[in-house]
Amino acid sequence: MTVPRPGAAERLSRMVQLPTVSAELAARGLADFDRFRTLIAELYPLVAEHLEFERVGDLGLLYRWRGRGDDDPVVLMAHFDVVPAAEADRWRMPPFEGRIHDGAVWGRGTLDDKGPLLVVLEAVENLLDEGYVPARDVYLSFGGDEESFGGAARGIADLLHGRGITPWLVLDEGGAVVDAPLPFVRVPSAMVGVGEKGVLTVRLRAVSEGGHASAPPRLTAAGRVGRAVARLFPNPFRARTPLSTRAMLAAFLPHTSGPARILLRVLAGWPWLTARLFSRMGGEPAALVRTTVAPTMLQGGSAQNVLPAEASAIVNLRIAVGETVETAVRRVRRAVRDPLVTVEVVEGSDPSPESPVDDARFAAIRDAVAVAYPDAITAPYLMMAATDSRWFARYCTGVYRFAPLAMTAAQRATIHGIDEHVTLDSLERGERFHRALLTGLPGGQ
C-alpha cells in the first residue's frame with residue numbers, strides 16, 4: 001500500500017484562506033467559490049484527471065468515480081461554504097489565515113465543513129494513486145450554500161433522481177467522534193446521524209398605530225410581539241423518544257457499568273421515561289426528544305420615544321421526528337393565542353426519515369470507524385441540525401451523517417463560534433476512515 005502523501009494540513013490551510021461565506025454571496029460575488037473549485041483541481045490532480053466533473057448551478061460540484069460494477073452508487077457529501085467570521089470577535093488566530101499551529105489547523109471551516117471535505121478528497125486521491133477502482137460508482141457531492149439552506153445540494157439530488165439514480169448509501173457531515181456523548185456515558189463514540197430534525201423559521205409580526213411614547217396604548221406592537229415570544233416558553237411541544245435515540249441508548253449499554261448501566265437499561269426499555277428525563281436535562285439531551293424553540297431576532301421601532309407601527313420576531317425551530325412544518329406552525333399559533341400576531345413561515349423543511357441501523361450500510365460505516373478509531377464504538381443518533389443530505393432523504397433510505405473527525409466538547413463549541421480548529425491527527429484518521437469505507441464497499445460484480 002502506498003503511504004498517503006504528506007501535506008494535508010497545508011492543503012486545508014489553503015482551502016480556509018478562501019472566504020467562501022455564502023451569507024455574504026450577494027456582496028462578495030462568486031469569485032472565491034470559483035477559486036475553490038479551481039483549487040480542488042490543483043490540490044488533487046488525480047481527482048481532476050480521473051473523475052468526471054459536472055457543475056450543477058453556480059455552487060454545486062459533482063464528481064463521478066466509476067466503479068467496477070453497476071450496483072447503486074455511494075454519494076459522499078460535504079459543503080465548502082462557511083459562516084461569517086470576524087477577527088474583531090477575538091479569534092486566537094485570524095479566521096481566514098488557515099494557520100497551522102500546535103498540532104492543528106485553525107480557521108473558519110476547519111470543522112464545518114472544509115475539514116470533512118478534505119479527508120474525502122485525500123482518501124480518493126490516495127486510492128487513485130494506488131490504481132484502486134471502487135466496487136461501485138462513487139459520487140462526490142460538494143455544495144457551496146449549505147449554510148444558506150442548501151440549494152446547490154438540492155440541485156444535485158434532483159439531478160441524480162431525475163436520471164433514475166438512487167444511491168445505496170449517502171454520507172454527509174453530522175456526528176463526530178466524541179469522548180462523552182451523554183453526561184452519564186463516557187466512552188469514545190462515533191456518533192452517526194441516522195435522521196435529522198426539520199428546520200422551521202417563522203416570523204411573528206404585529207402592527208399598531210404609531211405615535212409618541214408618552215401616551216402608549218395598553219399593548220404596543222413591540223409589547224404584543226414580546227408577549228407572543230414569551231408564550232412559547234415553557235416549550236409547547238410534547239417530548240417523545242425517537243427510534244434513533246432508543247437505538248443509541250442500546251448501543252451504549254454494553255460499554256457501561258454500575259449505575260450508568262442500570263440507568264441505560266431503564267431508559268432503553270421505557271421511551272416515555274427517556275423523553276421526560278431528557279427534556280428536563282436541557283441542552284442536547286432535551287433537543288433529542290422534542291422540537292426546540294429559539295427566538296433569534298427582534299425588530300421594531302425607530303427611536304426611543306416613538307411607538308413602533310410594526311414589530312416582529314424571528315423564531316427558529318428544529319422540528320422533532322413525528323412533527324411536520326404544518327403541525328409545528330399550528331402549535332405555535334395555539335401557543336401565541338393572539339389573532340393580532342401573524343405567524344409567517346420564512347423557510348421550513350420536514351424532519352427526514354430515520355435510516356436503518358441493522359443493515360449493510362450502517363455496518364459499512366461501523367467497520368470503517370473500527371479501522372480509523374479502534375477504541376470508539378459506533379452509535380446512531382438523531383441529528384439536531386440540518387444538513388445537505390436531507391435532499392437525498394426524500395428518495396434514498398440509506399442517508400447517514402458523520403464527519404470522521406475527533407472533536408472535544410470545546411471544539412464542537414467553536415463550530416459557528418470562534419477559534420474553530422481541527423487536529424492533524426483527526427485529518428489523518430478521517431482519511432483512514434474514508435479509505436476503509438471505499439475499499440470495503442460491497443458489490444462490483
Do you see a donor-acceptor pair shorter than 3.5 Å between the side chains of [X] and [Y]?
X: R28; Y: T20; result: no
X: S244; Y: E354; result: yes
X: S148; Y: S22; result: yes

Practice item. Would you check, one step at a time, whether the test side chain to side chain donor-acceptor pair (under 3.5 Å) holds for N316 with T201? Key: CA-CA 5 Å; N316 185 263; T201 300; 3.2 Å; yes
Point to revise | Residue pairs involving residues 43-62 (criterion ring pair (Phe, Tyr, Trp, His ring centres under 6.0 Å); sequence neighbours excluded) | key: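 As it turns out, the ring pair (Phe, Tyr, Trp, His ring centres under 6.0 Å) pairs with a partner in residues 43-62, which skip direct neighbours, are F53-Y63.
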**Study point:** Option passing side-chain contact (heavy atoms from CB on, under 4.5 Å) with L76 (candidates L140, L169, L117, D172)
**Key:**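 Answer after filtering L140, L169, L117, D172: L140.
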Does [X] [atom1] have over 12 foreign heavy atoms under 6.0 Å away?
X: E284; atom1: CD; result: no
X: R334; atom1: CZ; result: yes
X: E54; atom1: CD; result: yes

Check your understanding: L160 and Y395: which non-hydrogen atoms are nearest, and at how many Å?
Key -> CB-OH, 3.9 Å
Exercise for review: Can you see which heavy atom on G143 is nearest to which on D388, and at what distance?
Suggested key: CA-OD2, 4.4 Å
Strictly below 4.0 Å, N to O, side chains only: are [X] and [Y] in salt-bridge contact?
X: E173; Y: R401; value: no
X: D158; Y: R394; value: yes
X: R432; Y: E428; value: yes
X: R136; Y: D72; value: no
X: R203; Y: E347; value: no
X: K197; Y: E323; value: no
X: E344; Y: R205; value: no
X: R412; Y: D112; value: no

With side chains defined as the heavy atoms from C-beta onward, is the minimum distance between [X] and [Y] less than 4.5 Å?
X: F433; Y: L405; value: no
X: Y381; Y: T245; value: no
X: Y400; Y: P356; value: yes

Review point. Under the 6.0 Å and 45° cation-pi test, does R361 pair with F402?
Key: no
Practice item. Give a yes or no on whether the ring-centroid distance for F142 and F36 is below 6.0 angstrom. Key: no
